[in-house]
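Worksheet: the structure to be examined is printed underneath.
To find a chain, count down the sequence lines: A is the first, B the second, and so on, and within it residues start at 1.
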Protein chains: 2
Amino acid sequence: MGLDDRKKQVLQAIVDDYVSTYEPVGSKALIERHNFTVSSATLRNEMAELEKLGLIEKPHTSAGRIPSDKGYREYVDSLMHPDILSREEQDEISERITDSVHEVTDLLHNATNALSEKTGFVSLAMSPRLHGSFLTQLKMLMIEPGKALVVVVLSAGVVKDKVVRIPNFLTNEQIMQISNAVEKNLYGKPLDEITLITLASSVKESEIPETLMNQVIYEAYVAIKQADKLDVYLEGEHRMLSLPDFSELGRARDLLGTLSHDGMVAGYVNEIEKSAEGQIRSDDSYMIRIGQEIALEGLEDCSFITTTYNIGDTLSGNIGVIGPKRMDYSKVISQVNFVRKKLNDEIRRLIE
Amino acid sequence: MGLDDRKKQVLQAIVDDYVSTYEPVGSKALIERHNFTVSSATLRNEMAELEKLGLIEKPHTSAGRIPSDKGYREYVDSLMHPDILSREEQDEISERITDSVHEVTDLLHNATNALSEKTGFVSLAMSPRLHGSFLTQLKMLMIEPGKALVVVVLSAGVVKDKVVRIPNFLTNEQIMQISNAVEKNLYGKPLDEITLITLASSVKESEIPETLMNQVIYEAYVAIKQADKLDVYLEGEHRMLSLPDFSELGRARDLLGTLSHDGMVAGYVNEIEKSAEGQIRSDDSYMIRIGQEIALEGLEDCSFITTTYNIGDTLSGNIGVIGPKRMDYSKVISQVNFVRKKLNDEIRRLIE
DNA sequence: ATTTAGCACTCTTCGTCATCGAGTGCCAAA
DNA sequence: TTTGGCACTCGATGACGAAGAGTGCTAAAT
């Protein structure tokens, strides 16, 4: 976008002011808060042109200007100067993330908590996408007659399990036999290539009657498939109610309604991350969606800032923030990035 | 409470009207909607007395009356006539509860979902309290060097597990040895009697060096203790925003803030259920807390209706609704009770 | 060709004020 | 004990005007 320097300055000032005051900003206020060397009349002219370009708009004739989605986009893409987290804030976040951690899920939990509290917005995290990983172990453990625990271990050390029902009179040995056979035949197989068919054929030459076997195999199949599902952590929904952006009850209701719609947000984030899969990713790359760019009802006044964390070399998931589009982007971005970095470090420490 | 018949009628009429209209009800409105055989002036006198008894109150001098907490209490305890769920509603709820269930947690999930949607309020469920149950199996499963899965099986067939870190060079056999020793010594021991000490002494005469052993034992201990923690399902928070009772943003914020405070609601429900443990319970007993009876900030205008579901003979948990105290109690009670009944049936089917 | 001062105009916000109406309490009569 | 009547209270509603912030436009200045 070919904006001359002064226009850039003006747009930047408008966004900055609007974000911090939540009031439409007029030419006079602009002069007062920033040291422009020109008069308010000149700024008015500039603002009129920015409006013609679709970067700012006015709520009504006699109000100041507010950034449009396009204006925020321009700001984010080329105007904003990166923020540096204070030492104290870094320490606080670190502390919260590393507090009483036993598993990766604890880390994700802590990270979303910290992120939501620090930003004051909603934060979300998604468990790693497992479709690319493969099976390394499959154990079945007899719990009691008729009941067994299927433990699925995937590459990168991810463990998932599930209690399943099995025919009552199967013995411990038979169960072990089955799971050993399955494991031997399916070792190293990508999760998405495991089907009921491959599973069944892996235990063909067993002396256990086929109908029984089928029941066990089906349950194991469900357990394996279930390992693939995405877990989502959403945190801090109530914080949105404190924002002036959602002081209208109707907006707040729509927003929380959509957020609480199970899988809706996760599905969307998954979508946009997948669509960006090919892109080159620098070390601290993040993804931003602003306002109408988000195709979810009730989130028209929100922005997404998401980034990717890694588990080992092959697995990755997302973590990020959903806030009002009127947010301090540089600050939130640096927070998200710091959390991502810390999260990656801690995951590495935990699994290595 | 020694109320004469007419006072009872009046109080009942006031609660009914207020619940359905959300408007303070005056003497005239009362005459119009109900066939009282007396004049509005007489009702005014009655209402003045009910107010003196603390059962109703007026928001301001010239408004109608609304029930006080005490009034709701009286209504719930002796005035309300039970509601019967329509066949359709029963079917709908049943269908939702039994939809794609693999485990008890699925049932709880479905049940809270159904309850929240049907009532339009928040619903909650808590996993069963396990403090009384005992250990029946403890298995450790090698995942990879340095990493094992501890599987804890409790009476009533509850399975909990957790990935733990162990010293790198421990072999599969050694792990098996340890877990066998623990299991043998601790079989049948109530969960709350298992301490680090009892755990350690159960593997005293092993040839594995003590410091190593201690590490493993500690991890196992954490895994066992973690099995005891309560899971909570809260569902439908956003629905509260649609209620006129929370059209004030401040109230809504306080409410959702408290609800999202992890463990706060669960702790409270646990508390009140424990305090009622001695009481005789009829088959469809429920517990009601109204307004100020609830000692949680932001829930002054809410009521709890909770009940107990059972898993087997020994385990029980709670499920219920958090709604505005201005609710149709008889309807919600019957919904909660139906869900409880259905839930119990399905749990029985699932685990037997 | 830009920039600026000035001015008329627009539109929201806020406080005031009067009115309306639902509801009450109380008194005196039935 | 019940009822009709009446004065009174108080919130809700809407009209009205003043204040204030901001705009666009024009004409003069640089």
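Atom CD1 in B/I14 sits roughly 13 Å away from atom C1' in C/dT24 (whole-Å rounding). Rounded to whole Å, the distance from CG on B/N45 to P on C/dA28 is 15 Å. Between the P atom of C/dT3 and the CD atom of A/E46 lies a distance of 7 Å, rounded to the nearest Å. Protein atom CD of A/E23 is 15 Å distant from nucleotide atom C1' of C/dC11, rounded to whole Å. In this structure, B/L43 places its CG atom 18 Å from P of C/dA22, rounding to the nearest Å. As a whole-Å value, the separation of B/K7 NZ from D/dT2 C1' is 14 Å. The interatomic distance linking B/K58 (NZ) with C/dG23 (P) rounds to 13 Å, in whole Å. Here the P atom of nucleotide C/dT24 and the CE atom of B/M47 are 5 Å apart, to the nearest Å.
Looking only at side-chain heavy atoms (C-beta outward), B/C302 and B/I322 come within less than 4.5 Å of each other.
OP1 or OP2 of C/dT3 has not a single side-chain nitrogen or oxygen of A/S39 nearer than 4.0 Å. Contact check, A/S62 against D/dT23: no side-chain N or O comes under 4.0 Å of OP1 or OP2. Neither OP1 nor OP2 of C/dG25 sits under 4.0 Å from any side-chain N or O of B/K52.
The residue among B/H60 and B/V38 whose nearest nucleotide of DNA chain D is located toward the 5' end is B/V38. Mapping A/G26 and B/R6 onto DNA chain D by nearest heavy atom places B/R6 at the nucleotide closer to the 5' end.
Using modelled atom types, one finds no donor on one side chain facing an acceptor on the other under 3.5 Å when comparing B/S260 with A/E237. Checking B/D328 against B/S330 by side-chain atom types alone, a donor-acceptor pair falls below 3.5 Å. Side-chain atoms of B/H34 and B/D16 include no donor-acceptor pair closer than 3.5 Å.
With distances taken from any side-chain atom of A/K28 to the nucleotides D/dG22, D/dC10, C/dG23, the minimum falls on D/dG22. When distances are taken from the side chain of B/T42 to each of D/dT3, C/dC11, D/dT23, the shortest belongs to D/dT3. When each of D/dT3, C/dA5, C/dT3 is scored by its nearest atom to the side-chain atoms of A/A41, the top-ranked nucleotide is C/dA5.
Put simply, the side chain of A/R44 and the base of C/dG6 share a donor and an acceptor less than 3.5 Å apart.
A/S27 comes within 4.0 angstrom of sugar-phosphate atoms only, judged by non-hydrogen atoms across all strands, and of no base.
Salt-bridge formation is detected for the pair A/R73/A/E293: a Lys NZ or Arg NE/NH1/NH2 atom is positioned less than 4.0 Å from an Asp or Glu carboxylate oxygen.
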